[in-house]
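Scope of the values below: all heavy atoms of this structure, side chains included, with no hydrogens, waters or symmetry mates. For ligands, and for the atoms within them, numbers begin at 1 and follow the listed sequence. Remember, it's a predicted structure, so these values are computed and weren't measured experimentally.
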Amino acid sequence: MNENLIIFNARIVTPEGFTARKGSEMAHLRVIENGTVEVTDGIITYVGQNRGETRDGYYQHYWHYNARGRCLLPGFVDSHTHFVFGGERAEEFSWRLKGESYMSIMERGGGIASTVKATRELGFLKLRSAAEGYLKKMSLMGVTTVEGKSGYGLDRETELLQLKIMRSLGNDEQRRIDIVPTFLGAHALPTEYAGRADEYIDFLIDEMLPVVAENQLAEFCDVFCEKGVFSIEQSRRLLTAAQAYGLSAKLHADEIYPLGGAELAAELGALSADHLLQASDAGIRAMADAGVVATLLPLTAFALNEPYARGREMIDAGCAVALATDLNPGSCFSGSVPLTIALACIYMKLTIEETITALTLNGAAALRRADRIGSIEVGKQGDFIVLNSDNYHILPYYIGMNSVIMTIKGGMLYPVGS
Ligand SMILES: N=CN[C@@H](CCC(=O)O)C(=O)O
Ligand SMILES: [Zn+2]
């Protein structure tokens with residue numbers, strides 16, 4: 001449902017462009033004082049100085065909203081989440097607090113396998129309604145586009161079920177968030193294939209990719225490329241096959257061990273490489289040269305108590321960095337955009353301007369949507385947030401606290417709290 005909307009008296013703060021911003025470009029934001037944005041049928045048709053509007057309300061075919069000097073930013077793009085899942089894994093969090101590692105829990109049959117079991121047991125309706133609950137929470141924090149991954153089915157039926165749930169949520173007339181689905185059949189080796197990882201990759205290539213592609217159930221194919229999960233060679237084989245089906249490549253890369261996932265992402269021309277806590281210097285350079293979006297997930301590093309990805313160095317090396325939450329039931333049970341912002345600024349040493357670009361335009365680029373969303377420019381979707389301040393520096397300063405008072409999707413106003 002799209003609307004005609006005029007927002008006036010806003011302090012407009014936005015990156016500019018229709019592609020990812022790389023390196024030093026990430027710090028450049030356009031700021032318009034006393035600004036107005038006009039949205040017609042959901043698409044931005046004017047961005048500039050105020051034009052004389054003074055009254056709130058509906059008149060001359062447009063809703064009019066007086067921002068009273070507050071900051072208007074593009075809607076946030078959360079470009080890496082796993083929001084469709086069954087069950088929870090709170091006990092694993094306690095085990096980790098006692099010193100056990102994420103990978104050792106996975107090796108002894110917990111971790112992703114435990115969520116796979118719970119997800120396979122839930123039907124369409126229960127899974128869908130749990131996922132819907134997370135979407136509502138994201139919208140309140142200003143997210144207007146979210147990526148979601150399969151990967152908790154690891155069998156034909158449940159992988160397709162996860163993707164169909166995302167499609168069904170995305171088709172909902174009342175939706176406040178656009179959903180971009182990613183096929184992550186290679187998230188872990190299912191127990192049925194224990195010791196036969198190559199055969200599982202064959203199954204994904206021969207039996208899953210054709211169905212996913214033919215039914216347009218996902219735009220991207222992702223893989224957990226990690227020591228003890230899927231090797232570089234297995235990841236390369238799967239992603240190359242996916243690209244032949246028209247699915248762009250994404251990787252969970254160099255999260256726990258420096259396996260060379262960043263280098264592989266560059267070699268394959270992947271859309272993004274994500275996590276990257278252990279990415280090598282050569283991998284960072286290769287991503288910058290190849291134009292791979294480096295998607296950083298500081299909440300996961302925080303939750304796992306691991307060193308943060310080297311965001312500052314990546315930007316200085318010329319990478320396009322995106323930030324996302326990684327909401328999932330294991331390594332990071334959080335979709336907190338405010339905390340993501342604070343951690344990126346404090347520990348990854350991004351400036352607030354770079355952080356805004358990473359959560360908007362570069363997130364959009366990581367979803368191949370920088371031409372449509374991620375900045376406030378004529379021709380893009382009318383997706384915005386209004387902050388409760390005229391100062392965007394409150395974003396990292398309000399640590400883990402929401403400063404969004406209004407989410408606007410396709411020109412529709414959603415006051416936070418409603
Ligand atoms: N690292 C792999 N995948 C997810 C975690 C999945 C899980 O633990 O359930 C991630 O991005 O953090
Ligand atoms: Zn992930």
Of the non-hydrogen atoms in Phe83 and Gly148, which two are nearest, and what is the gap between them?
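Minimum heavy-atom separation between Phe83 and Gly148: CE2-CA, 3.7 Å.
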Smallest separation among heavy atoms of Pro298 and Met348, with atom names
CB-CE, 3.7 Å
Taking just the N, O or S atoms of His252, which one is nearest to the Zn ion (ligand 2)?
NE2
Is it true that Ile112 lies under 4.0 Å from ligand 1, counting heavy atoms only?
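Right, Ile112 reaches ligand 1.
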Look at ligand 1 and say whether Tyr102 reaches it with a heavy atom at a distance under 4.0 Å.
yes
The Zn ion (ligand 2) reached by His275 (N, O or S, under 2.8 Å)
no
Residue pair Phe183 / Leu209, side-chain heavy-atom distance below 4.5 Å:
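Result yes, sub-4.5 Å side-chain heavy-atom pair found.
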Looking only at side chains, do [X] and [Y] share a donor and an acceptor under 3.5 Å apart?
| X | Y | answer |
| --- | --- | --- |
| Arg368 | Ser248 | yes |
| His82 | Asp326 | yes |
| His187 | His252 | no |

His187 heavy atoms, cut-off 4.0 Å: which ligand 1 atoms fall inside?
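Counting from 1, the qualifying ligand atoms are 2 (C), 3 (N), 4 (C), 6 (C).
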Atom indices of ligand 1 within 4.0 angstrom of His80 heavy atoms, with elements
11 (O)
Pairs of nitrogen or oxygen atoms closer than 3.5 Å, one from Asp326 and one from ligand 1: do any exist?
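Between Asp326 and ligand 1, an N or O pair is found under 3.5 Å apart.
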For the 3.5 Å polar cut-off, considering only N or O atoms, please tell me whether Tyr152 and ligand 1 meet it.
yes
Roughly how far, to the nearest 0.5 Å, is CG of Leu327 from OG1 of Thr340?
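Answer for the OG1-CG pair, Thr340 versus Leu327, is 10.0 Å.
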Looking only at heavy atoms, is any part of Glu226 under 4.0 Å from ligand 1, and if so is it the side chain, the backbone, or both, or is it neither?
neither
Glu255, Lys149, His275: member with heavy atom nearest to atom 1 (N) of ligand 1:
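It is Glu255 whose heavy atom sits nearest to atom 1 (N) of ligand 1.
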Of Cys225, Ala303, Ser331, Cys332, the one whose closest heavy atom lies nearest atom 12 (O) of ligand 1 is Ser331
Backbone of Glu353 reached by a side-chain donor or acceptor of Thr357 within 3.5 Å
yes
